[in-house]
Protein chains: 2
Amino acid sequence: MTQLKRDRQFRPLPVPSVEIAGLFGDRQDAICNSTAETLLNRCVEAGMVQAIDMNEPSPGIVIPIQPWGGTTQMFWDSDLGKSIETVAYSLYRRPNPQLEARVDAIIDLYEKLQDEDGYLNAWFQRVQPDRRWTNLRDHHELYCGGHLIEGAVAYFQATGKRKLLDIMCRYTDYLITVFGHGEGQLRGYCGHEEIELALVKLARVTGEKKYLDLCKFFIDERGTEPHFFDQEAIRDGRDPADFIQKTYEYGQAHLPVREQRQVVGHAVRAMYLYSGMADIATEYKDDTLTSALETLWDDLTTKQMYVTGGIGPAASNEGFTDYYDLPNESAYAETCASVGLVFWANRMLGRGPNRRYGDIMEQALYNGAMAGLSLDGKTFTYENPLESAGKHHRWTWHHCPCCPPNIARLLASIGSYMYAVADDEIAVHLYGESKASFEMDGARIELAQKTRYPWDGAIRFDISTGQPARFALSLRIPEWASGASIRVNGEALDLTRITVEGYARIEREWKTGDHVDLDIPLIPRALWANPLVRQDAGRVALMRGPLVYCAEAVDNGEGLNALELEGDVAQAKTTEIAELRGAVALELPATREEANWGDVLYRTSPPEKRKATARFVPYPFWDNRAPGEMLVWMRAGKLNHE
Amino acid sequence: MTQLKRDRQFRPLPVPSVEIAGLFGDRQDAICNSTAETLLNRCVEAGMVQAIDMNEPSPGIVIPIQPWGGTTQMFWDSDLGKSIETVAYSLYRRPNPQLEARVDAIIDLYEKLQDEDGYLNAWFQRVQPDRRWTNLRDHHELYCGGHLIEGAVAYFQATGKRKLLDIMCRYTDYLITVFGHGEGQLRGYCGHEEIELALVKLARVTGEKKYLDLCKFFIDERGTEPHFFDQEAIRDGRDPADFIQKTYEYGQAHLPVREQRQVVGHAVRAMYLYSGMADIATEYKDDTLTSALETLWDDLTTKQMYVTGGIGPAASNEGFTDYYDLPNESAYAETCASVGLVFWANRMLGRGPNRRYGDIMEQALYNGAMAGLSLDGKTFTYENPLESAGKHHRWTWHHCPCCPPNIARLLASIGSYMYAVADDEIAVHLYGESKASFEMDGARIELAQKTRYPWDGAIRFDISTGQPARFALSLRIPEWASGASIRVNGEALDLTRITVEGYARIEREWKTGDHVDLDIPLIPRALWANPLVRQDAGRVALMRGPLVYCAEAVDNGEGLNALELEGDVAQAKTTEIAELRGAVALELPATREEANWGDVLYRTSPPEKRKATARFVPYPFWDNRAPGEMLVWMRAGKLNHE
């Protein structure tokens, strides 16, 4: 891979190089104890394993046609791929021979399923064998391959077993013969992006530049004219205009990617595309891609993102609508989309620490993404509304089960999102009790992070090294963290002098016993939305550290919109809730409008009010107790503010 | 019909007995000038006339299967029926031989289409002849018959031509052989209620009690066990549980009607059922029905009705959801449902004047229903949201074109909703420039109502009579009309002494030259919603008289949720808007949150505010000028109130 390096290039630490405890450790325990096995069980129950078993009859079409024009069954390979990836990461934390054996058996089935030419796709081999490569726009054919590649890479790294990796290399070598500019080759790409970022992982683990080149081909071809989706439709005897989503914006194929300026279409597809683009920008030092990505980043985060880091407000296209259109109760804000935003932000950090990306990565991770997994690791969300009348509930399975393995694989590999290393620098993007191991300046370094973050803002780093080593330790100072301070071996540093792009960069020779104390005051704060967000007018969202807070009926009774906040948010009382793993709750004075209203629906006098106390819990932990109403954007009432 | 009379029984004045001017006259002119012909044209364009023409080939299935399990084509007869009804009423106001000839031609086609046994239904005769009476639950078979009956009655009354009436009498006589408790008869009823109220109209015009009896049969059978919909499904080889709506609440068939306590399911179906029930309660003096209806009335109007009289918030079932669930932007609130509420309210007045029904009839008529027709009579709404981001627009046609002829037939026959007579009393339910003719105490009476209502609250009644006549004149005093006063021949009456159920009852001997001056102060007022309506928390709706007001972008710029009201609503400035036929607008001081917010989506300080003036126009007139945002429930801000 040396030929791919550039001067300053940050790569995530490998998953096994980071030991995790604290809140993330608790989430990983839930995955090891429950989620990983749950995923495999539910794949089996859905028929996914039977679907790839050549000793079983073809399952045929077992699920009715869905509104998005395919069947969920068409992307079963992707669910298996993500489940394998989750299991792989879980094995680092907790070896589990039974689970590993089950994955081995699935891999054996894929080995038998693979065609001689390398093709592999359960749907197009077992259900519609005559439809291979006839409709890349709608049928998730390469998307499935991408997820199997990601699973293969993770499983190889976790177990050292090459079988699935070899299968997917053969598959990708075959793709290289199918796609390209040559005679008889397809100049196409998948309607649902995903294989792009997977190919980068495959290139990095194998050192094969050809896989990067295929990724770059897919990215460069996307949206160019004559349009591939038009041409394949005509070849296939279909009217190019005859599809539900109507415009190619749905799959970000309406313009060449370097000309795209607005984040549009299906949210998950967009995030996966931009992730792949960011990887290619880094690997090829392609500033034209970086420039497009920076514009798209601003477009998303300043006009189209919920305060939770949820994105894609509409169910109709599982994606974006108009600027500032962020309805709370009907928010789609798919778990996968926030997971995808974490992916993208993480890859934007490949060119160096920058809190513009790090802050949003943390916000989306803790809120929009982490909300997708119950505390016990057994139930899931798909939509992540910011207001609920009490009818949203976590479910055990979904006809489109993309989200459970997606949030699970993210949390199970969280160490590689926390730390990234360049030649002479380690960046800490996320805080949490953990221990990172890496080499720097020829020395083996252990960096122990001791903290109760996100519940407490005191963070201690202890360095151990066999020999003194010179490198930079870069620590993200979140934009919201006013009053943050750093001491090295007890001596205070002037943050204004050492902060670059929002990261405090401490460059020195480190030796065992050195320690850094970072203090991030976790002062509760109220956020107002841009007045153009009509749904949040007159309302505030509460945050403390990276966590968005919400009110739940279980703490406040029903009728959360009858509450108006009062007092000073910074002075909110904090308590710990045992039922929520010791999560910190906030309490604020409020008034509540009385519902003793008389027997009419409308009247000419306002409701009476009484004093109340409103209690808030972290948004990602909602719906883990008694079901009921939930609300993020609270009526601001007579809130004090500076 | 005398055998059906009871002592105190109010019947609407026939449509031709009321001359209409003022606002309602303007709406009727639009219908005569545009809507009536538009409806026929669009029925032709949709293929509805071809569909009933035996000289044309069967149209087959021309519209794809819709989510509600049928095709819109299945209810084309109903659209023709309502269009014929609209044309009929329009002929009173403006004779139109061309239009009449076109209806005659359609009636000739129906004559040829009718089976020898009397059966008539374009879908089941021309497209699925083997499916007659196999699925009453889903296929609108009797619903279509009902609308043709209503059209037949209206056309007979307007033109004296009996052909369609005779056709529909033969049809109904045939129904009497099909439905009943006898051997081989069906104990069924239609999934979509409508024929019930139509049969009452048919009975009243023909004097035939057998049609009332059939109506009563349908009402009495509904929801009884063993359940007809279960049994017909089994007979038809279908699984009774296999239908989209899942429960019989959708068509109010989950319980016998006298046991129903909650308004549920499809909103239009519910309104039509309750209308039929109210008619039967009146005709049979059936207090068990009246008692159920009163409970249902309270259930609807105190827990499930928008301030516009819109009902049925959800698109998913075109109907009701939970109590107090009244989302504004996604409100379905179908035009037909508000029209249906006017029908029901009107029939609740059959047992005597009571403003509990009259006030709501007026509110639903002026707002939720009248919004459905553009000022020029050429475009329509289906949904009637109370908030729009600017993407709702009136349309010229709809795949399910039920609403245009429904609001048109209501407005074209509005005279019969304004006045109702009993033996010795005339009740004025609605105010508006008009002249009513009727007989009372052996005398021919003319009651001229002179007013600019709803723009002005001064209403003058002039009586002309060939000879003095003793009767009561009952005038509705709306609940909101504080300060209302009445003078007879200049002499003030004590309203508290003569008001019964919200109607001022003036009983005396009337002679030519007598006049009554009713003054209803139209003081603008702010309404708060019950705090249980979470969507309206901290907001007010403005009303003046019966009209709900809304803000539109064309008057206020975009960003209507950035406006907070100030000052005293009762002191709102009134102006007339020429573009909106002289409608009275309201102006109030307000503050507007500035959108100069910086390049972030969320921040820790609230928006700055500047002074502004907010302008409001009557809700039914919205989207008649430049398209853009619209908002009914405004942020209350620092509104003064008593």
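When reading the values below, keep in mind they use all heavy atoms of this one structure, side chains included, and skip hydrogens, waters and symmetry mates. Letters go in sequence order (proteins before strands), and every chain restarts at 1.
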Scored by heavy-atom pairs under 4.5 Å with chain A, the best of Gly538(B), Ala595(B), Ser330(B), Ala562(B) is Gly538(B)
For chain B, find which of Leu601(A), Asn561(A), Leu560(A) contributes the most heavy-atom pairs closer than 4.5 angstrom.
Leu601(A)
Between Glu629(A) and chain B, with a heavy-atom cut-off of 4.5 Å, which part of the residue counts as in contact: side chain, backbone, both or neither?
neither
With the threshold set at 4.0 Å, does a side-chain nitrogen-carboxylate oxygen contact exist between Lys303(B) and Asp298(B)?
no
Side chain, backbone, both or neither: which part of Leu326(A) has a non-hydrogen atom closer than 4.5 Å to chain B?
side chain
Please determine whether a side-chain nitrogen of the Lys or Arg among Arg635(A) and Glu593(A) lies less than 4.0 Å from a carboxylate oxygen of the Asp or Glu.
yes
Side chain, backbone, both or neither: which part of Leu527(A) has a heavy atom under 4.5 Å from chain B?
both
Given a strict heavy-atom distance threshold of 4.5 Å, which part of Val600(A) is in contact with chain B: side chain, backbone, both, or neither?
backbone
Which region of Glu594(B), side chain (C-beta onward) or backbone (N, CA, C, O), has a non-hydrogen atom less than 4.5 Å from a non-hydrogen atom of chain A, or is it both or neither?
backbone
Heavy-atom distance under 4.5 Å to chain A: side chain of Val533(B), backbone, both or neither?
side chain
Side chains of Trp480(A) and Ile523(A), heavy atoms from C-beta outward: is any pair under 4.5 Å?
no
With a 4.5 angstrom heavy-atom cut-off, is it the side chain or the backbone of Arg525(A) that approaches chain B, or both, or neither?
side chain
Quick one: what part of Val569(A) sits under 4.5 Å from any heavy atom of chain B, side chain, backbone, both or neither?
neither
Residue selection (most heavy-atom pairs with chain A, distance under 4.5 Å) from Thr301(B), Asp322(B), Val307(B), Asp325(B):
Val307(B)
Do you know which of Leu631(B), Asp536(B), Thr302(B) has the most heavy-atom pairs with chain A at a distance under 4.5 angstrom?
Thr302(B)
Contact between Gln304(A) and Asp299(A) at the side-chain level, heavy atoms closer than 4.5 Å - yes or no?
yes
Please determine whether the number of non-hydrogen atoms from other residues, nucleotides or ligands lying under 6.0 Å from atom CG of Asp239(A) exceeds 12.
yes
Report yes if the distance between the aromatic ring centroids of Trp297(B) and Trp344(B) is under 6.0 Å, otherwise no.
yes
With Glu564(B), the salt bridge (Lys or Arg N to Asp or Glu O under 4.0 Å) member among Arg610(B), Lys609(B), Lys638(B), Lys611(B)
Lys609(B)
Taking the side chain as every heavy atom from C-beta outward, state whether Leu588(A) and Leu542(A) have any pair of such atoms under 4.5 Å apart.
yes
Measure the spacing between CG of Leu300(A) and CD of Gln262(A) and express it to the nearest 0.5 Å.
11.0 Å
Please classify the contact between Ala529(A) and chain B as side chain, backbone, both or neither, with a heavy-atom cut-off of under 4.5 Å.
both
